[in-house]
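What follows is a set of notes on a single structure, which appears directly below.
Quick caveat, the model's predicted, so the values are computed rather than measured.
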Amino acid sequence: LDFQLAGHRHFLRHFVTLFRACDTQCTGVLDEDSFIQLVQAVAPEKDEMQISQLLATIDPHGHGKMTFSDCVATLSKELVAVLN
């Protein structure tokens with residue numbers, strides 16, 4: 001278990017830094033603008049349409065609140081690409 005946790009921490013280390021930079025309120029929750037900023041930092045090749053699709057996935061009801069866990073789950077493919 002410790003080995004898996006260490007691997008997970010290593011995998012998310014860079015993402016945590018980026019998330020915290022976008023989480024200006026230090027709440028662990030991003031609004032829509034902050035989420036867009038995060039996506040642009042993680043995957044700068046994403047265009048407006050792709051970012052809109054990610055927003056629809058992460059926030060289907062339009063509440064404008066995205067948690068750290070939501071962001072990790074939604075951006076997992078992009079996070080793997082960054083590491084490769």
Side-chain angles (χ1 to χ4, degrees):
L1 182 59
D2 288 337
F3 178 76
Q4 289 176 330
L5 287 174
H8 194 64
R9 280 191 194 123
H10 178 73
F11 174 75
L12 291 176
R13 183 180 48 200
H14 181 63
F15 184 74
V16 168
T17 301
L18 294 173
F19 185 91
R20 286 181 176 158
C22 296
D23 181 16
T24 57
Q25 301 296 315
C26 300
T27 61
V29 178
L30 301 181
D31 61 17
E32 185 175 314
D33 291 336
S34 296
F35 177 74
I36 291 169
Q37 181 183 358
L38 178 64
V39 172
Q40 290 170 337
V42 171
E45 74 283 355
K46 297 283 186 201
D47 62 26
E48 285 185 42
M49 177 71 80
Q50 292 168 315
I51 293 173
S52 292
Q53 290 170 340
L54 287 171
L55 270 168
T57 298
I58 195 169
D59 189 21
H61 303 292
H63 298 291
K65 306 288 183 210
M66 284 67 71
T67 66
F68 177 81
S69 296
D70 293 337
C71 292
V72 169
T74 302
L75 298 172
S76 61
K77 184 174 79 173
E78 287 77 8
L79 294 174
V80 170
V82 167
L83 290 176
N84 292 330

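If you take CD on Glu32 and CD1 on Ile51, they are separated by 10.5 Å, rounding to the nearest 0.5 Å. In this structure, CD1 in Ile36 is found 8.0 Å from CE in Met66, a value given to the nearest 0.5 Å.
Partners of Thr67 by side-chain contact (heavy atoms from CB on, under 4.5 Å), not counting sequence neighbours, listed by chain and number: Val29, Ser69, Asp70.
Asp59 and Gly64 make their closest contact through OD2-N, 2.6 Å (heavy atoms, listed as atom of the first residue, atom of the second, distance). Contact record, Thr24 with Ala21: CG2-O, 4.0 Å, taken as the closest heavy-atom pair.
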Intermediate values then yes/no, side-chain contact (heavy atoms from CB on, under 4.5 Å), Leu79 and His14: CA-CA 9 Å; Leu79 294 174; His14 181 63; over 6 Å; no

Below 3.5 Å, can you tabulate the donor-acceptor pairs from side chains in residues 40-47 to any protein atom, sequence neighbours excluded?
residue	atom	partner	partner atom	Å
Lys46	NZ	Glu78	OE2	3.0
Asp47	OD1	Met49	N	3.1
Asp47	OD1	Gln50	N	2.8

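You'll find the side chain of Val39 stays beyond 4.5 Å of the side chain of Thr74, heavy atoms only.
For the side chain to side chain contact (heavy atoms under 4.5 Å, CB included) with Phe19, the qualifying choice from Leu38, Val72, Leu12 is Leu38, the only one to do so.
Checked by atom type and distance alone, the side chain of Ser34 never pairs as donor or acceptor with a backbone atom of Asp23 at under 3.5 Å.
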